[in-house]
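Quick caveat: nothing in here was measured; it's all calculated off a predicted structure.
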Amino acid sequence: MTDKKVYSASTTAPVNIAVVKYWGKRDVKLNLPTNASLSVTLSQADLKTHTTAACSGTFTQNSLWLNGEAQDVSGARQTACFRELKALRKKLEDADPSLPKLSEYYVHVVSENNFPTAAGLASSAAGFAALVRAIANLYELPESPTELSKIARQGSGSACRSLFGGYVAWEMGQAVDGSDSCAVEVAPASHWPEMKAAILVVSAAKKGVSSTAGMQATVNTSALFTHRARNVVPKRMEAMKTAIRDRDFERFAAHTMADSNQFHAICLDTTPPIFYMNDVSRAAIRAVEALNTLEGRAVAAYTFDAGPNAVIYYQEKDEERVLGFLGTLLAPEVAEWAGKYVGTAPEGYDNKPFEALKDGVSRVILTRVGEGPIRTDDTLMGADGLPSKK
């Protein structure tokens, strides 16, 4: 007899922004990286993916809806996640025959982002982390976040890091099957809760060269790529872990900015060259460098993923200095905090190198280090397993 019950579970998952970048795959199918990476998980109060997963004997196919639109779930990345999670559930059912046979049912997934998708804001990382965590909760899997990260990695490489809060490393691993390529916690958010970030949204448009296509072009054509992966990143990973454990912002800032610059250098060294940053991005770099010079120390650190948006890290104690300075450079309607903080630029300071920021930044998201996925009773589905009507 068909089991007509609709089983469901919901979760939210965070965005993470890497400070040591993942770029390049040694195995495209398994999403195995050519180098380790390290990221900061951002607060879900500001950026998150909310996902509900359900299964039932009445469902006739796997289905996914993202921001209200039906998506193709036949791709290799989605299929891999479904397959691996179903296999883990099947082991539970084989060990305990009294459990409902959820592994035999089709799955429905409804997901919503509260930020633009595919615009350089790590939407795929949050999305696949939420998908894997929600289905793992649905299946009542006992696996740790590190074990589940091996599955999320197959959906989107950086998604493995969004299964943790705080400061997270994705260890490259050496095994051909990817069994040791996984995410681990470097430090929880509570270890260094003063870390904050201002995201300067330069463009919410979908980027011209996807991360997947871009990184493989780099692997195939960049002469600088191998040097970075083999010689630079291993040392930088250890240095960054030490900076985080010591809560040493000046070292954190130096490594963060150097790694962002090198990442975009290898993009430029790719044939044909990849331009993820634009004039507004470069103005943001000049602004951070000028601010740090004015302060006589590193109070801010920029980093750019595969897109033009600037993520500027700073400590809570320096918020007035950082936001005060940025407030003098951005349009008043964008820098909503401008009246709260006094600008730090001295009288007569030349703002010309930063003029692109005034018209080029459309939004600023103020956020901070945050927690990993959070289970929630807030469902995105109706009792029929279809997206809720709003």
Which heavy-atom pair separates [X] from [Y] by the least distance, and what is that distance?
{"X": "S162", "Y": "A126", "result": "OG-N, 4.2 Å"}
{"X": "G178", "Y": "L32", "result": "CA-CD2, 3.5 Å"}
{"X": "Y7", "Y": "D3", "result": "OH-OD2, 2.7 Å"}
{"X": "R133", "Y": "P373", "result": "CG-CB, 3.6 Å"}
{"X": "S124", "Y": "S156", "result": "OG-OG, 3.1 Å"}

Rounded to the nearest 0.5 Å, what's the gap from [atom1] on [X] to [atom2] on [Y]? Could you check?
{"X": "L38", "Y": "Y167", "atom1": "CG", "atom2": "OH", "answer": "10.5 Å"}
{"X": "F82", "Y": "S103", "atom1": "CZ", "atom2": "OG", "answer": "14.0 Å"}
{"X": "I374", "Y": "S10", "atom1": "CD1", "atom2": "OG", "answer": "13.0 Å"}
{"X": "Q315", "Y": "E250", "atom1": "CD", "atom2": "CD", "answer": "9.5 Å"}

Under 3.5 Å: donor-acceptor pair, side chain of R368, backbone of K196: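 Pair absent, no side-chain N/O of R368 close to backbone of K196.
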
Residues, nucleotides or ligands: over 12 heavy atoms within 6.0 Å of [X] [atom1]:
{"X": "E333", "atom1": "CD", "value": "yes"}
{"X": "K29", "atom1": "NZ", "value": "no"}
{"X": "E140", "atom1": "CD", "value": "no"}

Over 60° means perpendicular and under 30° means parallel, so tell me whether H108 and W65 are parallel, tilted or perpendicular.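 Aromatic pair H108/W65 classed perpendicular.
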
Looking at [Y] and [X], is there a salt bridge between them, counting it only when a charged N and a carboxylate O are closer than 4.0 Å?
{"X": "E171", "Y": "K241", "value": "yes"}
{"X": "K91", "Y": "D94", "value": "no"}
{"X": "E84", "Y": "K150", "value": "no"}
{"X": "R286", "Y": "E289", "value": "no"}

Distance-only side-chain donor-acceptor flag, [X] / [Y], under 3.5 Å:
{"X": "R245", "Y": "H191", "value": "no"}
{"X": "N113", "Y": "T49", "value": "yes"}
{"X": "S43", "Y": "T367", "value": "no"}

So Y276 and F304, ring pair (Phe, Tyr, Trp, His ring centres under 6.0 Å) or not? Walk me through it. CA-CA 9 Å; Y276 284 123; F304 296 81; over 10 Å; no

Quick check on side chain to side chain donor-acceptor pair (under 3.5 Å): which of K21, R228, H264 does D259 satisfy it with?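 Output: one option passes, namely R228.
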
